> 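Provided herewith is a single structure, encoded as structure tokens, for subsequent inquiry.
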Amino acid sequence: MSAATRTAQAAQAPTAPTLLRSTAPLEDSALCRTVHCTNKFVVPFGRVQAEDFLTDGGILNITRIRATGQLASSLTANSAMEPQPLDRRSEEVTQLFVQAFTGRPWTAAMARDCQKDGDSFEITGTTVQGSPYVLECVHVDTARIVSIRDLELDTSYDF
């Protein structure tokens with residue numbers, strides 16, 4: 001598996017608050033209204049709670065800290081029919097997802113670096129509010145998984 005490591009660019013003007021560390025219900029967010037989050041499924045795991053949604057561009061999973069309600073990590077998965085690349089809507093959903101959680105864009109270079117089986121990368125950065133995160137992308141078979149994790153909040157599943 002190939003891997004590229006880069007550092008996220010931090011020189012962007014602040015935008016609306018990001019979803020990372022938010023305590024608001026995800027289904028009330030502009031992201032969910034845009035990508036049509038449906039079929040919410042909630043599972044508690046010790047100190048964290050997983051919330052899964054179907055969207056019109058794939059699957060959206062978030063992890064909250066149960067004690068505070070803070071959103072600590074998230075991932076979205078899209079898949080394409082081989083040998084076709086991901087469709088335009090899947091790319092739009094990924095862009096909206098990354099922007100909503102970090103305040104930073106999903107770039108064309110990121111999409112290129114994670115477009116075929118075996119591709120992966122990891123980027124560290126800070127949200128526009130200053131929360132450190134890691135953005136990871138991996139492409140396996142026909143699926144691309146993009147995840148964002150807060151580097152200061154403990155998302156372990158210890159019981």
Side-chain angles (χ1 to χ4, degrees), residues 3 5-79 86 89-107 109-111 113-114 119-140 143-159:
T5 304
R6 295 172 294 198
T7 302
Q9 300 295 320
Q12 290 199 1
T15 60
T18 61
L19 292 175
L20 204 58
R21 295 199 184 183
S22 170
T23 58
L26 189 66
E27 53 268 41
D28 294 342
S29 71
L31 173 66
C32 269
R33 287 190 303 275
T34 304
V35 301
H36 307 110
C37 294
T38 61
N39 298 0
K40 181 178 180 179
F41 182 71
V42 178
V43 179
F45 291 105
R47 77 178 107 216
V48 298
Q49 171 176 299
E51 299 175 12
D52 294 327
F53 299 86
L54 294 178
T55 73
D56 61 1
I59 298 168
L60 178 60
N61 169 274
I62 65 167
T63 304
R64 288 190 187 277
I65 306 300
R66 289 177 70 191
T68 63
Q70 286 180 297
L71 204 153
S73 67
S74 56
L75 70 85
T76 186
N78 316 101
S79 61
L86 292 173
R89 182 60 180 159
S90 293
E91 289 295 341
E92 289 171 354
V93 168
T94 301
Q95 170 62 39
L96 293 166
F97 167 77
V98 172
Q99 186 72 41
F101 279 90
T102 68
R104 311 281 181 221
W106 172 257
T107 66
M110 290 175 186
D113 287 348
C114 197
D119 286 352
S120 66
F121 67 79
E122 180 177 291
I123 298 171
T124 57
T126 55
T127 66
V128 293
Q129 286 85 16
S131 300
Y133 67 86
V134 62
L135 182 149
E136 299 168 299
C137 185
V138 63
H139 204 291
V140 179
R144 179 178 66 200
I145 301 168
V146 178
S147 66
I148 299 166
R149 181 175 38 88
D150 189 296
L151 290 174
E152 293 179 340
L153 297 177
D154 181 8
T155 58
S156 63
Y157 287 17
D158 295 343
F159 292 92

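Quantities reported herein were computed from a predicted structural model and do not represent experimental measurements. Quick note: numbers below take in every heavy atom, side chains included, and nothing from hydrogens, waters or symmetry partners.
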> What distance do Asp52 atom CG and Asn39 atom CG have between them, rounded to the nearest 0.5 Å?
10.5 Å
> Does the side chain of Arg47 reach to within under 4.5 Å of the side chain of Thr68, using non-hydrogen atoms?
no
> Ser22: which residues meet the side chain to side chain donor-acceptor pair (under 3.5 Å) condition with it, sequence neighbours left out?
none
> A side-chain contact here means heavy atoms from C-beta on lying under 4.5 Å apart; do Glu122 and Val134 qualify?
yes
> Just wondering, do Trp106 and Val146 contact through their side chains at under 4.5 Å, heavy atoms?
yes
> Under the salt bridge (charged side-chain N to carboxylate O under 4.0 Å, His left out) test, which residues partner Arg149, sequence neighbours left out?
none
> Looking at OG1 of Thr126 and CG of Leu151, how far apart are the two atoms once the value is rounded to the nearest 0.5 Å?
10.5 Å
> Mind checking the CZ-OG1 spacing from Phe101 to Thr127? Nearest 0.5 Å is all I need.
12.0 Å
> Distance from Phe53 atom CZ to Cys32 atom SG, nearest 0.5 Å?
5.0 Å
> Quick one: does Pro105's side chain get under 4.5 Å of Gln99's, heavy atoms only?
yes
> Sub-3.5 Å donor-acceptor pair from the side chain of Thr18 to the main-chain atoms of Ala100, do we have one?
no
> To the nearest 0.5 Å, how far apart are CD1 in Ile62 and CG in Leu71?
4.0 Å
> So do Ile148 and Thr102 actually touch side chain to side chain, heavy atoms under 4.5 Å?
yes
> Run the side chain to side chain donor-acceptor pair (under 3.5 Å) test against Thr34 and tell me which residues pass, sequence neighbours left out.
none
> So Ile123 and Met110, do their side chains get closer than 4.5 Å, heavy atoms only?
yes
> Please name all residues satisfying side chain to side chain donor-acceptor pair (under 3.5 Å) with Ser73, sequence neighbours left out, ordered by chain then number.
Thr63
> Give the minimum heavy-atom separation between Cys114 and His139, together with the two atoms involved.
O-CD2, 3.4 Å
> Can a donor-acceptor pair be found, under 3.5 Å and without considering hydrogens, that links the side chain of Ser29 to the backbone of Leu26?
yes
> Which heavy-atom pair separates Ala72 from Ile65 by the least distance, and what is that distance?
CB-CD1, 4.0 Å
> Sequence neighbours excluded, which residues qualify as salt bridge (charged side-chain N to carboxylate O under 4.0 Å, His left out) partners of Arg89?
Asp56, Glu92
> How would you list, by chain and number, every residue that makes a salt bridge (charged side-chain N to carboxylate O under 4.0 Å, His left out) with Glu27, sequence neighbours excluded?
Lys40
> The criterion is side chain to side chain donor-acceptor pair (under 3.5 Å); which residues satisfy it with Ser90, sequence neighbours excluded?
Asp87
> Mind checking whether Leu31 and Leu19 have side chains closer than 4.5 Å, heavy atoms only?
yes
> Any idea which heavy atoms bring Gly103 and Val128 closest together, and the distance?
O-CG1, 3.8 Å
> Let me confirm one number: the CG-CG distance from Asp113 to Asp119, rounded to the nearest 0.5 Å.
7.5 Å
> Which residues pass the side chain to side chain contact (heavy atoms under 4.5 Å, CB included) test with Thr38, not counting sequence neighbours?
Leu54
> Testing Gln70, Gln49, Glu51 one by one against Arg64 for a side chain to side chain donor-acceptor pair (under 3.5 Å), which residue passes?
Glu51
> Scan residues 65-79 for pairs that pass salt bridge (Lys or Arg N to Asp or Glu O under 4.0 Å), counting only residues two or more places apart or in two chains.
none
> Flag the pair Arg144 / Glu91 as yes when at least one side-chain heavy-atom distance between them is below 4.5 Å, and no otherwise.
yes
> Using the side chain to side chain contact (heavy atoms under 4.5 Å, CB included) criterion, which residues pair with Ser147? Sequence neighbours excluded.
Leu75, Glu136
